[in-house]
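Working notes, structure below.
Residue numbers begin at 1 in each chain, while the letters A, B, ... track the order of the sequences.
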Amino acid sequence: MQPKVKATNLSYKINEKKLFQNISFELMAGKAIHIQGDNGSGKTTLLKIICGLTNQVKGEIEKKLDKQICFLGHKNALKQYLTVEENLSLLNIINHPDLKQHLIEFGLDKSLDINLSSLSFGQQKKIALLRVFLNDSDLILLDEPCVGLDTQSQNYLCRFLNDELEHRKSILFSSHISLDINSEKLNLSDQV
Amino acid sequence: MYQVDRAYSYIFYVSLVLYLVSIFWGLFVTPEDFVQGNSYRIIYLHVPASFISQSLYIAMAIASAIFLIWKVKLSAYLVRSIAPIGAITTFIALISGSIWGIPTWGTWWVWDARIVSTLILFIMYLGLISLHDSFSNHEKADKFLSILVLVGSVNIPIIKMSVEWWSTLHQPASITISDKPAIDLVMLYPLFGSIVGFAGIVACLVILSSKLQILRRERNKSWIKNYV
Amino acid sequence: MFNFEFNSLAEAFLMQSQNGQNHGIFVWSVLIIVFVSILATFIFYKMSIKKITKKLK
Amino acid sequence: MNIIKFELLKLRNKSRGWLGPILVFILIMVAFPLTVEISNKDLDQSFFAVLWIAVLLVMMLATEDIFLEDFNDGSLEQFAISDISFPYIISVKIFIYWLLIGVPISIIGSLFCLGFTNSGNLAINIFPILLITSYIFINVFSFGNALSLTKGSVLGTLVTLPLLLPLLIVLGKAVISINLNLNYLGFVALLLGVLSIIIFLIPLIISYIIRAHLE
């Protein structure tokens, strides 16, 4: 079976300073990788390289994907001055059958017509996560998905991601705290 | 870099002598122009500067194309180091042109196509410098600078053709490659000499400026420590 | 070919044309501007290079 | 289709983004006759000078926010990794800005032209020129804006301003030939030629620049 993402000897330098060196991994369908590392060890950069936003300095990366990547970074890609409903419609997920259930689970089902700017940081993060929940891609990249989430929602996220793994999706995520997801670990701090 | 240092002094002295001799010849030996009188002698100072200022932009455009296509770092340094030199030569061309305008046209400034487009060139040189300096990430700054240089190179043919396209006060170019020169040979030799000499002097300036760029940007490399 | 246009230094300074105007002031001021600005650029770059090499040492 | 909806929703909720430049334009056109004598017969001459400069400045204002907001909240990141081609998204973005700002300004500009010069012929002829010019301006300023995306829009637009100055000479010539009842279609063809090159090149260049910013 072919890996969904195969990285060989990835290296990245920023302003002549080495961020990481010779990172290699393979990501199969239905597997997850947990990227760990200290602050500034290049977790976000590695995810961006996999997305294709950043170019690695050395090494190769092969992607075998049928659909587009679902990426959630530090930035939510939500508009502060629009209501929750309008934001969801911009994300093209307003008519998704499962939306209602996720909203109830996150406790957001009554705030659809509220302006996004009056929601808290964690609530905004949840709305951004809805895009991850309702996408139809086969590779999910999450950069610190748990920042600002309460324990309840964290558990819900983990349950959901484990479900997705069983549906043969692949997940790459970075997180400081350990999450209850069946994943291999990739530690960037060890490499230096 | 050692070879460049050695070549630098040769270029400098040869072109300095050539430039000074041509200027001397042009200023004191050549006969007076029938129409413009003695003020035409400014041509030996003005034409080299304006010619070189446009050529420098073309050189910059070529260097930035090389940088964008082949990712040659040195040519990005070259682009950045040519910009201030280009600004200075354009400044000389503008000032000498407007002083020349006083005796011949009776005014030091006209809203004439070629003068305005030279002014645009000057502003562009300054803009390029300020754009590059506003980024702390040098790699990004190099990229944006070379894109802007390439896009801005559409102005060069406009400057070249402006005198032909718009009938204006400014006289057409005295020397063209294809046609017979419009001025007498006695005047042409020193003009040619001064252009070549000025080009050599400017080349020396570009070498110095690139040296400064390389020293600044590569200061952490070991070969720089050996060189210094 | 090598005969001077001007007979004396004073004449060269004034550069009187056939129409009676003195063009010397224009020519000389352009000459000074060109030389000064080139010289200033040379000095600026030489100084900067000297400064940065001193710092690197 | 989604990108069009996206831009329209965004601009509807941020009236400052598109109404502001139009109001500034009207203000300039209303205010400038006050600075010269009303009885001055040369008013229709200076009118065109002010018109072109006003269009230039207003387009500079209009592109102020075109990429910055989407860059800050991460929408550009999502566009860049989506399946739809990035230059296409950028050209649609620019088109919508032109539709909401450039087109109204062209209409208002030719109305003012009617008011100042009392010549219907002139007003009708100036309208297509205004449309094309505003589209060219908005493209070039978007390029400038993308260049200095994180450094404020002023620097980038100032740096690209010199690129547009030759165009102003063409515009001046076109107005003169309309005034003299000469054939001005040559100028329109020239402007259209410039536009057709710009319309394809600028989105490509901008997408390259923005990708470099996103790194």
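Within the model, atoms CD of E218(B) and CG of L56(C) stand 11.5 Å from one another, a figure rounded to the nearest 0.5 Å. Taking CG of L212(B) as the start and NZ of K50(C) as the end, the distance is 13.5 Å to the nearest 0.5 Å. We find the NZ-CZ distance between K55(C) and R216(B) to be 8.5 Å, quoted to the nearest 0.5 Å.
Options P84(B), S96(B), P103(B) differ in how many heavy-atom pairs under 4.5 Å they form with chain C, and the most are formed by P103(B). With chain B as the partner, the residue from S48(C), G24(C), A40(C) showing the most heavy-atom pairs under 4.5 Å is S48(C).
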Begin from the C-alpha positions of I207(B) and Y45(C) and carry the test side-chain contact (heavy atoms from CB on, under 4.5 Å) through to its verdict. CA-CA 10 Å; I207(B) 290 173; Y45(C) 279 114; over 6 Å; no
V30(C)/H46(B) under side-chain contact (heavy atoms from CB on, under 4.5 Å): CA gap, chis, key distance, verdict: CA-CA 8 Å; V30(C) 169; H46(B) 171 74; over 6 Å; no
Hey, mind stepping through L205(B) and F44(C) against side-chain contact (heavy atoms from CB on, under 4.5 Å) and telling me if it holds? CA-CA 10 Å; L205(B) 276 176; F44(C) 170 77; over 6 Å; no
Report the C-alpha separation of F42(C) and F12(B) in whole Å, then their side-chain angles, then the decisive distance to 0.1 Å, and conclude whether the ring-ring contact (aromatic ring centres under 6.0 Å, His included) test is met. CA-CA 11 Å; F42(C) 263 109; F12(B) 180 73; 5.3 Å; yes
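Only the side chain of F198(B) comes within less than 4.5 Å of a heavy atom in chain C; its backbone stays farther off. Only the side chain of I52(C) comes within less than 4.5 Å of a heavy atom in chain B; its backbone stays farther off. Heavy atoms closer than 4.5 Å to chain C are found in the side chain of I88(B), but not in its backbone. For I201(B), the parts sitting under 4.5 Å from any heavy atom of chain C are the backbone and the side chain alike.
When the shell of 6.0 Å around CD1 of I102(B) is examined, it contains more than 12 heavy atoms from other residues, nucleotides or ligands.
With a 4.5 Å cut-off on side-chain heavy atoms, L20(B) and F35(C) count as touching. Between I38(C) and I92(B), the closest side-chain pair of non-hydrogen atoms falls below 4.5 Å.
Each salt bridge (Lys or Arg N to Asp or Glu O under 4.0 Å) pair with one or both residues in residues 92-110 of chain B, not counting sequence neighbours, would appear here, but there are none.
A side-chain contact (heavy atoms from CB on, under 4.5 Å) with I42(B) is found for exactly one of V34(C), V27(C), L31(C), namely V27(C).
In this structure I95(B) satisfies the side chain to side chain contact (heavy atoms under 4.5 Å, CB included) test together with F91(B), I99(B), I33(C), sequence neighbours excluded.
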